[in-house]
Amino acid sequence: MATVPSLAATVRRRVSDALSAALPEATSADPLLRRSDRADFQANGMLALAKKLKGNPRELAAKVTETLPDNDEIKDIEVSGPGFLNITVADQAIVRNLAARWADERLGVPYAENPGTTVIDYSQPNVAKEMHVGHLRSTVIGDAVMRILEHQGETVIRRHHIGDWGTNFGMLIQYLIEHPHELDHESDTAGAKDAGEAAMARLNRLYKASRTVFDSDEEFKSRARDRVVQLQAGDEQTLALWHKIVDESKTYFQAVYEQLDVEVRDEDIVGESAYNDDLQRVVQELEESGVAVRSEGALCVFFDDVKGPDGSPTPLIVQKSNGGFGYAATDLAAIRDRVGKLKADTLLYVVDARQALHFRMVFETARRAGWLPEDTARQLPFGTVLGKDGKPFKTREGETVRLVDLLDEAVERAAVVVREKAESGNLGLSEDEIQERAAEVGIGAVKYADLSNSMTRDYVFDLDRMVSLTGDTSVYIQYAYARIRSIFRKAGDHKPLAHPELELAPAERVLALHLDEFGDTLASVAEEYEPHKLAGYLYELASLFGPFYEHCSVLDADTEEQTENRLFLCDLAARTLSQGLSLLGIRTPERL
């Protein structure tokens with residue numbers, strides 16, 4: 001693997017060294033380099049430094065240009081305005097840098113300097129309940145962050161903290177004991193498209209039937225509550241039926257994950273039940289240390305800055321007055337496990353922004369107890385998926401949208417787009433190939449619409465816009481990739497090859513400089529856990545390829561060397577688009 005510093009990094013170092021040479025007291029000063037429409041780069045750091053040292057920024061900038069030694073990267077540097085440095089890099093340096101990226105399977109992107117171990121908690125569905133549109137963001141964001149961190153060399157441990165414990169299971173298991181064949185009905189699953197849909201049909205039947213009896217029969221409700229105690233105590237019959245319900249749910253979950261093109265391994269699914277044996281120890285240590293206190297029979301943790309509307313303290317309840325445990329207890333036990341046993345340096349929780357207070361209190365409690373080092377845990381909060389009316393996305397009947405229905409519709413819409421494009425472009429795709437492309441395009445469109453927005457923002461779910469070939473969509477980026485691949489199918493004997501000696505056309509330079517930013521972009525995305533910045537980079541790359549393709553003939557260039565050089569740029573652009581979309585969990589069809 002060859003690590004290739006970006007030209008921005010190289011130029012920044014050159015200017016910083018010249019700045020230190022011109023003004024020794026400015027050692028380690030940041031030249032504040034950025035891309036500019038006045039030149040390739042602009043350095044603005046002289047203004048702040050001159051103000052700090054009570055000097056003249058134009059004079060300081062002039063000293064930097066005089067001190068800058070001759071080098072192969074910077075073609076021209078001039079002082080502008082009140083003390084800006086406008087910097088133009090050499091074409092030869094650009095092509096040479098990209099050639100080094102092109103020769104490397106990682107495109108010159110380095111691994112993180114000090115990779116550690118991160119546990120990421122995402123996609124937390126509930127057993128015996130259908131996944132809905134609310135699970136989409138946690139799953140898609142968590143999967144992308146996981147991929148990006150692994151690409152940076154981080155050891156990433158995935159955790160799907162599914163809801164598989166508690167009162168509802170007493171109700172479900174008791175009903176199964178009294179109606180032992182409830183999960184064996186085949187009549188409700190005759191029209192199911194796969195094992196996952198059949199499993200959810202059976203679970204839906206069980207849940208609705210048991211809930212009806214639970215709400216109408218007080219004696220059954222009492223038996224169900226007793227069954228929870230037996231579940232927590234490890235009763236053999238109760239546990240066997242619990243496993244049956246969990247296994248049915250996992251079959252359903254896996255079918256949804258496969259459709260969403262997300263890998264979830266069985267060993268990654270560690271639900272609330274996994275921490276049951278540790279809950280008493282959590283309670284004991286919190287109480288003995290004084291971190292938690294008894295209040296009206298419940299074990300609570302209080303915070304000076306957390307109060308209810310009436311001004312009274314709002315505690316984190318670790319154990320209820322009846323001895324039961326809530327989410328706080330299992331979340332605390334999970335932290336102990338992840339830091340103590342898994343040796344995690346970082347804990348990430350991809351969870352709805354509306355749970356921010358809960359996790360703030362859980363993290364603070366774990367820190368007070370000595371289980372969580374400072375700056376180890378972080379919630380990655382995400383906003384709400386909205387309908388076109390600006391309200392939380394619902395069906396026309398006001399029900400929560402099932403995730404499988406949403407994905408099915410996305411693929412159907414994408415099939416229309418793919419079929420029309422295939423027919424107009426005479427691609428000769430079979431119906432099976434159209435459906436395969438439709439899945440790649442439709443699922444990719446749903447993921448990209450989510451990931452292209454800052455995760456903390458709400459966004460509108462609009463399938464018509466998502467599967468459009470124009471605008472900021474994954475389909476637009478996938479089409480740019482497919483168009484590049486089509487160039488190579490027509491290239492014949494022409495091969496990509498870098499020619500640093502050639503002068504670059506304006507559209508070539510802009511495309512090339514953007515390609516050189518890929519590694520810096522990934523480093524920033526990984527550091528701040530911001531997949532939307534990668535999506536934005538890829539959209540801009542696809543947008544810049546358009547003018548290049550229009551103004552810079554590839555196969556009919558003036559010389560063979562120019563054709564080879566432009567094929568080299570095309571190939572690097574295609575590989576960068578493919579690698580970037582892959583890190584977002586989106587596929588790149590060769591033909592579209």
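We're numbering straight along the sequence, starting at 1.
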Test side-chain contact (heavy atoms from CB on, under 4.5 Å) on L348 and V119 and set out the steps. CA-CA 6 Å; L348 298 178; V119 174; over 6 Å; no
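- Of all heavy-atom pairs between C570 and I487, the closest is SG-CD1, 4.1 Å.
- Residue pairs meeting the side chain to side chain donor-acceptor pair (under 3.5 Å) criterion with at least one member in residues 540-550, sequence neighbours excluded, do not occur.
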Could you list the donor-acceptor pairs under 3.5 angstrom formed by side chains in residues 136-152, with sequence neighbours left out?
residue	atom	partner	partner atom	Å
R137	NE	D450	OD1	3.0
R137	NE	D450	OD2	3.2
R137	NH1	G383	O	3.4
R137	NH1	M455	O	3.4
R137	NH1	R457	O	2.8
R137	NH2	D450	OD1	3.2
S138	OG	S123	N	2.7
S138	OG	Q124	OE1	3.4
S138	OG	V350	O	2.9
T139	OG1	S123	OG	2.7
T139	OG1	H135	O	2.8
D143	OD2	R147	NE	2.8
R147	NH1	S582	O	3.1

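- Residues in residues 465-476 take part in these side chain to side chain donor-acceptor pair (under 3.5 Å) pairs, two or more places apart or across chains: Y448-D472, S468-T470.
- A donor-acceptor pair under 3.5 Å is formed between the side chain of E154 and the backbone N or O of G116.
- Proximity of a side-chain donor or acceptor of R101 to a complementary backbone N or O of V4 within less than 3.5 Å is detected.
- Centroid-to-centroid, the aromatic rings of Y257 and Y252 stay 6.0 Å apart or farther.
- Note: Q478 CD to E440 CD = 7.5 Å, rounded to the nearest 0.5 Å.
- With salt bridges taken as basic N to acidic carboxylate O contacts below 4.0 Å, one links D571 and R485.
- Residues R158 and E267 are not paired through a salt bridge, judged by the lack of any N-O separation under 4.0 Å between the basic side chain and the carboxylate.
- Taking all atoms of both residues into account, the shortest heavy-atom contact from L541 to A573 is CD2-O, 4.1 Å.
- In this structure, Y349 and L347 have side chains that are in contact, with non-hydrogen atoms separated by less than 4.5 Å.
- Residue pairs that meet the ring-ring contact (aromatic ring centres under 6.0 Å, His included) test with at least one member in residues 560-587, sequence neighbours left out, are W102-F568.
- Between K75 and D91 there is no salt bridge, since no side-chain N of the basic residue sits under 4.0 Å from a carboxylate O of the acidic one.
- K388 pairs by the salt bridge (Lys or Arg N to Asp or Glu O under 4.0 Å) definition with D462, D464, not counting sequence neighbours.
- The side-chain heavy atoms of H161 and V270, taken from C-beta on, include no pair separated by under 4.5 Å.
- No side-chain donor-acceptor contact under 3.5 Å links S16 to the backbone of R13.
- Contact of the I477 side chain with the Y539 side chain is registered, since non-hydrogen atoms from C-beta on lie closer than 4.5 Å.
- Remark: H532 engages no residue in a ring-ring contact (aromatic ring centres under 6.0 Å, His included) (not counting sequence neighbours).
- Taking the six-membered ring where the residue is Trp, H160 and Y122 present perpendicular rings, their angle passing 60° and hence far from 30°.
- Note: T65 OG1 to I87 CD1 = 10.5 Å, rounded to the nearest 0.5 Å.
- Shown here are the ring-ring contact (aromatic ring centres under 6.0 Å, His included) partners of F393, two or more places apart in sequence or in another chain: F461.
- Summarising the geometry, atom CZ belonging to R509 is positioned 15.5 Å from atom NE2 belonging to H514; distances are rounded to the nearest 0.5 Å.
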List the atom pairs, with distances to 0.1 Å, where a side-chain N or O of residues 517-529 and a protein N or O form a donor-acceptor pair under 3.5 Å, not counting sequence neighbours.
residue	atom	partner	partner atom	Å
E517	OE2	R35	NH1	2.8
D520	OD2	S6	OG	2.6
T521	OG1	E517	O	2.9

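- Around atom CZ of R34, more than 12 heavy atoms belonging to other residues, nucleotides or ligands sit under 6.0 Å away.
- Checking L513, V510, L515 one by one against L544, the side-chain contact (heavy atoms from CB on, under 4.5 Å) holds for a single residue, V510.
- Atom CZ of residue R378 and atom OG1 of residue T118 lie 11.0 Å apart, to the nearest 0.5 angstrom.
- Judged purely by distance below 3.5 Å, without hydrogens or angles, the side chains of D266 and Q254 never pair a donor atom with an acceptor atom.
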Considering only distance and modelled atom types, tabulate donor-acceptor pairs under 3.5 Å from the side chains of residues 584-592, sequence neighbours left out.
residue	atom	partner	partner atom	Å
R587	NE	D261	OD2	2.7
R587	NH2	D261	OD1	3.1
T588	OG1	S578	OG	3.4
E590	OE2	Y481	OH	2.6

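- The shortest non-hydrogen separation linking A438 to A414 is O-CB, 3.4 Å.
- Inspection of the E73 and T10 side chains reveals no N or O donor paired with an N or O acceptor under 3.5 Å.
- Within the cation-pi definition used here (under 6.0 Å to the ring centroid, within 45° of the axis), R106 qualifies as a partner of Y111.
- Here the side chains of D345 and T376 are not in contact, with every heavy-atom distance at 4.5 Å or above.
- For F488, there are no ring-ring contact (aromatic ring centres under 6.0 Å, His included) partners at least two apart in sequence or on another chain.
- Here the CG-OH distance, from L577 to Y479, works out to 14.0 Å after rounding to the nearest 0.5 Å.
- The nearest pair of heavy atoms linking S80 to N86 is CB-ND2, 3.3 Å.
- Side chain of N97 to backbone of P5: a donor-acceptor contact under 3.5 angstrom is found.
- Looking at R566 and E508, a side-chain N of the basic residue comes within less than 4.0 Å of a carboxylate O on the acidic one, giving a salt bridge.
- Applying the ring-ring contact (aromatic ring centres under 6.0 Å, His included) test to residues at least two apart or on different chains, none of the pairs has a partner in residues 74-95.
- Counting heavy atoms from C-beta outward, V109 and Q579 have side chains that stay 4.5 Å or more apart.
- Side-chain contact between L47 and L49: absent, with no pair of heavy atoms (C-beta onward) separated by less than 4.5 Å.
- When every heavy atom of A512 is checked against every heavy atom of I94, the shortest pair comes out as CB-CG2, 3.5 Å.
- Residues satisfying the salt bridge (Lys or Arg N to Asp or Glu O under 4.0 Å) test with R402, not counting sequence neighbours, are E130, D405.
- Residues K391 and D389 are not paired through a salt bridge, judged by the lack of any N-O separation under 4.0 Å between the basic side chain and the carboxylate.
- Note that the CG atom of N453 and the OG1 atom of T456 stand 9.5 Å from one another [nearest 0.5 Å].
- Residues N565 and L497 form no side-chain contact, since every pair of their non-hydrogen atoms from C-beta on lies 4.5 Å or further apart.
- A pairwise comparison of heavy atoms in I74 and R14 identifies CD1-CB, 4.2 Å as the closest pair.
- By the 4.5 Å heavy-atom criterion applied to side chains, L469 and K421 are counted as neighbours.
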